[in-house]
Amino acid sequence: MRTQLRTPLWFARIGRPRKSGIGVNLCAHPDHTDMEYDPQELEERWRERWAETGRYEADPSEADEDPTFITVPYPYPSGGMHIGHARTYTVPDVYARYRRQQGDNVLFPIAWHVTGTPIIGAVERLKKGEEKQLSVLRDTYDVPEETLTDLETPMGFARYFIEEHYKRGMKSLGLSVDWRREFTTNDERYSKFITWQYETLRDRNLLEKGLHPVKYCTNEEQPVTTHDLLEGEEAEFQEYTLVRFGRGDTVVPMATLRPETVRGVTNAYVNPDGDYVYADVDGEEWFVSAAAAEKLRLQAHDVEVREEAAGAELVGERVTNPVTGDEVLVLPADFVDPENATGVVMSVPAHSPDDYVALQEAKADDARMEEYGIDPADVEAIEPIPILTVEGYDEIPAQSAVEEAGVTSSDDPALEKATKDLYNKEFHAGRMNDDYDEFAGELVEDIRTRFRDTHRDGGAFGTMQEFSEHVVCRCGGDVVVAEQDTWFLRYNDEDWKAKAHEVVSEMDAVPENTRGEYDHTIDWLNEWPCIRNYGLGTRLPWDEDFVIEPLSDSTVYMAYYTIAHRLQDVPVEELDREFFDTLFYGADAVDDAPERAVDLREEWDYWYPVDYRFSANDLISNHLTFYLFHHAELFDRPNWPQGIVIMGMGLLEGEKMSSSKGHVVLPGAAIDDYGADTVRFFLLNSAEPWQDYDWRDDQVESVRTQLERFWNRADEIIESDAPEERPELAQEDRWLLSKLQATVREVTEAMESSETRSASQAAFYNFEEQLRWYRRRTDTDRPAARWTLREVLETRLRLLAPFVPFMTNELHERLTGTPAEDAPWPEPDASAESAAAEASESQIERLTEDILGIQQSLANADEDVPEADPDRIVVTVAADWKREVFAAVAEEGADQGAVMSTVMQNPDLRERGNEVNDLVGELVEFARSRDDGEVAALADLEEYETYEAATEFLSREFDADVEIRLEGDEAEATKQAIPFRPAVELEVE
RNA sequence: GCGAGGGUGGCCGAGUCUGGAAAAGGCGGCGGACUCAAGAUCCGCUCUCGUAGGAGUCCGUGGGUUCAAAUCCCUCCCCUCGCACCA
């Protein structure tokens, strides 16, 4: 529905004013003559026609037993559609249209993904009146002020963008979607389908319950998402190892990211002024910071605080290393943050420049030590203990790092870099020393996890989760890591992985170099937590407190498309396990198969599997691989994904698009400015689907100009009188038709590999080049030329129909009475191919360019050369004996030695010795850049006759008399004439 | 660090798999034709040198293989994307 008021907003122009089309539109009837190109008018007519006739509604048909089913990720309407999305959906549309012309029954459906929290977050920011959000809605997406209140519920928000942006944009682009099948992932019927999926997976033991770290607001006392954060959006979960140092029966856990350095601990640090507690943790007494006690409680430990204490309590005490049994001294340190991890850290001065410098400073500050009752001599006695060796550093790597960097105090910014560099170096290249027994001599990166696990199992280590930076909730509360019971998809299951690999090995991966990425992802994927605490979507069937998260409720929904529109007639409560089991596994799969499901199964069976899924590059590492996993498990081999085509990223004027910065182009505005065909053609022609592309106004403008020119030329051809029957064709006509067949082959081949750029390039631009020559070369008013041009136009319209459907439908219908999309895809006509015509035409072209080159060279001379504007051009064709040499080249191929030995058998040629040798050299060079067929065709070419027949053209072209001579017969060449390279002389009277 | 992709003329980009032409096409620029003029269209030029179709120098860096390398192999440098619980 388009109201008077909203239309101008949505179609708001972004740049160039529309060209005036004075005098057009007076008559919109298709057979109106001499029409100017007015894309807005003609495209709207075709949109209406498609909508009225339900042109793209696809139903099972006996006419095509092997239909084509293609899908694209359903859009997530948490905001509007921009030109990047437009391409995502246009690429599959072009393929769909191509398959239809090839005679396939094609299903291209779409739906809407609303699961999870982004839409809810967007609504909340709107309701709070956040400026940034309001600006995106008002300015970037042109949401009318009075409509904003409609957006204050999640589904209201989603519905607005679905209807006003996505659907409208997709329809404007002319996407050949079957609109009857749309749904949202919040629909109750869809939820029944997801319920079936998750119950089935649970029964197959592919779901598992376990603990999982989440972001948790200590103020709101609930989990929060990235969108809820004020600070620390980039924060990552870090798993610290707790080294369980002991002081008597009390555990003093020290958090570290480098557990393998435990043997290098020389002392510990605690913040003397921090708040610490003695607490019962899982039945033991622990000494940790107060903050740590709370975090441990949230991380599924049983915690009870017994007594509060200052950090100073521990200062000067000795604690026992659980791995070495050594006792180390605890020193006071202000740099220890009680808010981070346990608030107690161990010191490894041999390998941590930080610790090294801290120790130096402690040794230098006797007064402070004494203040805490520590004997400075004890501190002075602490020496770094190296535990690994790393190339490029001395025995004490931290010492060499600090000295090399010239660091003298812990405030020095260079210290941080030195620490990081050494950390990296040691991780990748450090080898453990002999004290490490089974780990001795190994690289840190190879043993860290194993080492940690060994000691964790042995009771010396524990674990704690912490963020990599401070995280604050929008409510102002601290956000910490909590561990929660969660359900996981067991992507780490070996059998499941094996099946997923099988899918990969059998499918078509486009481009082929993505195949390894799927395999890599499958291997690397671990357990995936598939539920969230809140959000839109389907509730976990056996625990209504949780929602199945977005990447987990979108793995097999392609199957749902096949019956989505017909499911509307089935009462929701009937959509139970038996129903979907019957639908997907057949009547025999259940005891009492619901009849309706048996019936629907036929349609599912008809469309499935998905022939191609078109998707984005960055989804390989999650969504697409999940898609493969779930199909591998839930469906039989014949219903596994057949192919995936990966699409590249979009840029806008060389920069990343960003809706929050308003750096986007809306499809509506672009279509209004240029027309949908131009937008489509640009998006498909500027790069192959999997390559990144760049929306640039000047380029789009140029496409628009080219299409307009195409339209005008086509219009002329359609309006011209041409013979019904094929007349006697001239050489130029046969040449053009021959080129056309090659183009048909090239375009078809490219389409088969989803190379939309190559295909459209060949059909459009490359062929324009041929036509340019044709128009220059021949009189296009000849009846045979008019007939040829019509023939060419009709074929090209069909080849271009997937890309620019509006324009080609219109023109093809005017030309033949049928829209281009309803005409079959062209097949190359071998009888129209003529190597001879191509060879002879390419020679005339070559000669023309040679003459032009000479002319140009003379014209550029500093002095005035009269021959630059010749009255007479003499072309001298190479003598017959030279042709014989070329015949030998055609025979032997581009092999100088072989040709010479053949040629020297001929006594006449042998006499000419060096002359022949030079000629062979040149001809071999000439043949090398041409394929065998072309060389053979040239060998058969009568060169003299070819030029003779073109004299009229040449004299018109150069406005001079043209004379063709044969070397040695009528004339001696003044310059070296060689086959296919006649001598040329320009003369003035 | 790991995985993937990429570095070609003023700019965007083909060419790289299957080694052999200053190297498609477009944009921008210059000149010309047409026109009262503009637009559109058409033609030519747009690395350097050149009064006859020519010659020379190029494809991130440095090596190697080969008669021949943008293309194959190795080194290094730089850029982009992904590395999870987020669509």
Side-chain angles (χ1 to χ4, degrees), chain A residues 19 73-76 78 113-119 212-215 225-227 236-237 424 427-428 445 486 488-489 491 511-514 516-517 520-521 524-532 549-552 554 616-623 625 646 648-649 651 654 656 685-688 690-694 696-699 701-703 705-706 708-709 712-713 757-758 761 764-766 768-769 772 775-776 846-847 849-868 870 894 896 924-926 928-930 957 974-975 981-986:
Chain A
K19 296 235 165 60
Y74 39 25
Y76 200 93
S78 58
H113 200 196
V114 300
T115 307
T117 54
I119 292 174
H212 177 72
V214 297
K215 297 182 176 115
T225 69
T226 308
H227 291 289
E236 289 171 19
F237 291 108
N424 250 320
F427 181 64
H428 297 293
E445 68 177 326
T486 296
F488 294 90
L489 279 160
Y491 291 134
E512 179 60 37
N513 65 17
T514 56
E517 286 192 64
H520 182 257
T521 305
W524 158 88
L525 219 45
N526 224 311
E527 293 164 319
W528 180 270
C530 62
I531 57 171
R532 296 290 175 273
E549 63 87 40
L551 283 168
S552 299
S554 55
N617 206 353
D618 52 344
L619 294 181
I620 293 179
S621 61
N622 49 50
H623 164 74
T625 301
I646 286 308
M649 298 256 304
L651 297 175
K656 232 176 156 169
N685 183 257
S686 59
E688 299 294 2
W690 46 87
Q691 295 174 324
D692 293 349
Y693 62 97
D694 188 3
R696 290 175 23 174
D697 264 336
D698 59 345
Q699 302 278 309
E701 180 66 50
S702 146
V703 167
T705 307
Q706 303 272 12
E708 184 157 5
R709 186 195 311 176
N712 291 335
R713 294 233 165 95
R757 181 183 197 275
S758 304
Q761 197 83 17
F764 195 80
Y765 292 107
N766 294 355
E768 278 303 319
E769 290 291 301
R772 200 155 86 173
R775 276 191 295 269
R776 181 172 167 190
R846 182 182 158 106
L847 176 58
E849 267 160 31
D850 269 355
I851 299 173
L852 198 62
I854 297 168
Q855 211 182 11
Q856 207 71 45
S857 171
L858 296 178
N860 286 344
D862 295 339
E863 288 171 39
D864 203 31
V865 183
E867 281 85 356
Q896 174 109 20
V924 162
E925 177 90 31
F926 174 82
R928 195 145 35 200
S929 59
R930 288 162 173 79
E957 191 72 13
T974 53
K975 299 269 175 193
R981 196 71 197 284
V984 173
E985 281 169 287
L986 309 190

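Worth knowing before you read on, the calculation uses all heavy atoms, side chains too, and leaves out hydrogens, waters and symmetry mates. Numbers restart at 1 for each chain; the letters A, B, ... are given by sequence-line order, proteins then strands.
- Note on A:H623: nothing from the nucleic acid sits closer than 4.0 angstrom, heavy atoms only.
- Here A:P550 lies in heavy-atom contact (under 4.0 Å) with sugar-phosphate atoms only.
- Nearest nucleotide to the A:W524 side chain, out of B:C83, B:G53, B:U41: B:C83.
- Rounded to whole angstrom, the span from the CG atom of A:L858 across to the P atom of B:A52 amounts to 7 Å.
- In this structure, CG of A:N617 is placed 13 Å from P of B:A4, rounded to the nearest angstrom.
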Please test A:E849 against A:R846 for salt bridge (charged side-chain N to carboxylate O under 4.0 Å, His left out), starting from the C-alpha separation and ending with a verdict.
CA-CA 5 Å; A:E849 267 160 31; A:R846 182 182 158 106; over 6 Å; no
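- Here the side chain of A:Q761 pairs no donor or acceptor atom with the backbone of A:N766 at under 3.5 angstrom.
- Base pairing of B:G56 is made with B:C47, judged by Watson-Crick or G-U wobble geometry with both donor-acceptor distances under 3.5 Å.
- Look at A:R776 and you'll find a side-chain N or O under 4.0 angstrom from OP1 or OP2 of B:G44.
- B:G10 and B:C27 make up a base pair, with Watson-Crick or G-U wobble contacts both under 3.5 Å.
- Across all strands shown, B:G1 is found opposite B:C83 as a Watson-Crick or G-U wobble partner, with both distances under 3.5 Å.
- Remark: the separation of the C1' atoms in B:A69 and B:A21 is 15 Å, to the nearest Å.
- Comparing B:A14, B:G54, B:A84 by their closest approach to the side chain of A:R981 singles out B:G54.
- A 3.5 Å limit on both hydrogen-bonding distances identifies no Watson-Crick or G-U partner for B:U16.
- Of the side-chain N and O atoms in A:R696, none sit less than 4.0 angstrom from OP1 or OP2 of B:G26.
- Side chains of A:S554 and A:H113 form a contact here, defined as non-hydrogen atoms less than 4.5 Å apart.
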Test side chain to side chain contact (heavy atoms under 4.5 Å, CB included) on A:D694 and A:Q699; report intermediate values, then the result.
CA-CA 9 Å; A:D694 188 3; A:Q699 302 278 309; over 6 Å; no
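- Only the C1' atoms considered, B:C86 is 37 Å distant from B:U16, to the nearest whole Å.
- Not one side-chain nitrogen or oxygen of A:R757 sits closer than 4.0 Å to the OP1 or OP2 atom of B:C12.
- Computed from coordinates, the A:D618 CG to B:U80 C1' distance equals 13 Å when rounded to whole Å.
- At whole-Å resolution of the value, CZ in A:R772 and P in B:G25 are 7 Å apart.
- Atom-to-atom, CD of A:E517 to P of B:C2 comes out at 16 Å; the value is rounded to the nearest Å.
- Within 4.0 Å (heavy atoms only), A:R713 reaches sugar-phosphate atoms of the nucleic acid but no base atom.
- Summary of the strand contacts: A:L847 and A:Q761 both lie near RNA chain B, and taking for each the nucleotide with the nearest heavy atom, the more 5' one is attributed to A:Q761.
- For the C1' atoms, the distance linking B:U71 with B:G7 amounts to 15 Å, nearest Å.
- Within 4.0 Å (heavy atoms only), A:I620 reaches no atom of the nucleic acid at all.
- A distance of about 11 Å separates the C1' atoms of B:C43 and B:C34, rounded to the whole Å.
- Between A:Y491 and A:T625, the closest side-chain pair of non-hydrogen atoms is not below 4.5 Å.
- With hydrogens and angles disregarded, a donor-acceptor distance shorter than 3.5 Å links the side chain of A:T521 to the backbone of A:E517.
- Within the nucleic acid shown, A:I851 has no heavy atom closer than 4.0 Å to any nucleic acid atom.
- The residue A:P982 sits close to a base: some heavy atom pair falls under 4.0 Å.
- For A:D850, whose side chain is taken as the heavy atoms from C-beta onward, the closest listed nucleotide among B:G53, B:G26, B:A87 is B:G53.
- Listed nucleotides: B:G25, B:A87, B:G53. Nearest to the side chain of A:P118: B:A87.
- Using P as the reference atom, B:C72 and B:G1 are 24 Å apart when rounded to the nearest Å.
- With rounding to whole Å, A:L852 atom CG is found 17 Å from B:G32 atom P.
- B:U8 and B:C58 have their C1' atoms separated by 9 Å, with the value rounded to a whole Å.
- When Watson-Crick and G-U wobble pairs are counted only if both distances are under 3.5 Å, B:C36 pairs with no nucleotide at all.
- Phosphate proximity of B:A14 to A:Q691: present, with a side-chain N or O under 4.0 Å from OP1 or OP2.
- Along RNA chain B, the nucleotide nearest to A:L986 and the one nearest to A:N766 differ in position, and the one closer to the 5' end is contacted by A:N766.
- The side chain of A:Q699 approaches B:G26 more closely than any other nucleotide in the set B:U41, B:G26, B:A84.
- B:U35 and B:A23 have their C1' atoms separated by 37 Å, with the value rounded to a whole Å.
- With 3.5 Å as the limit, one finds a donor-acceptor pair spanning the side chains of A:S552 and A:E549.
- Of the P atoms belonging to B:G10 and B:G63, the separation is 24 Å, rounded to the nearest Å.
- Here the C1' atom of nucleotide B:A40 and the CD atom of A:E701 are 12 Å apart, to the nearest Å.
- Proximity note for A:W528 (side chain, C-beta onward) versus B:A4, B:C86, B:G53: the nearest is B:C86.
- Side-chain contact between A:V703 and A:N685 is absent, with no heavy atoms from C-beta onward closer than 4.5 Å.
- At B:C42, one or more side-chain N or O atoms of A:R709 fall inside 4.0 Å of OP1 or OP2 (strictly under the cut-off).
- Comparing atom distances between the A:Y76 side chain and each of B:A84, B:A87, B:C27 picks out B:A87 as nearest.
- Within the 4.5 Å cutoff, no side-chain heavy atoms of A:E985 are placed close to those of A:E867.
- Residue A:D697 contributes atom CG, which lies 16 Å from atom C1' of B:C11 at whole-angstrom precision.
- Among the nucleotides B:A84, B:A40, B:A52, the one closest to the side chain of A:L525 is B:A84.
- Put simply, A:S702 has a side-chain N or O that comes within less than 4.0 Å of OP1 or OP2 on B:C27.
- Checking B:A4, B:A87, B:C27 against every side-chain atom of A:D698, the shortest atom distance belongs to B:C27.
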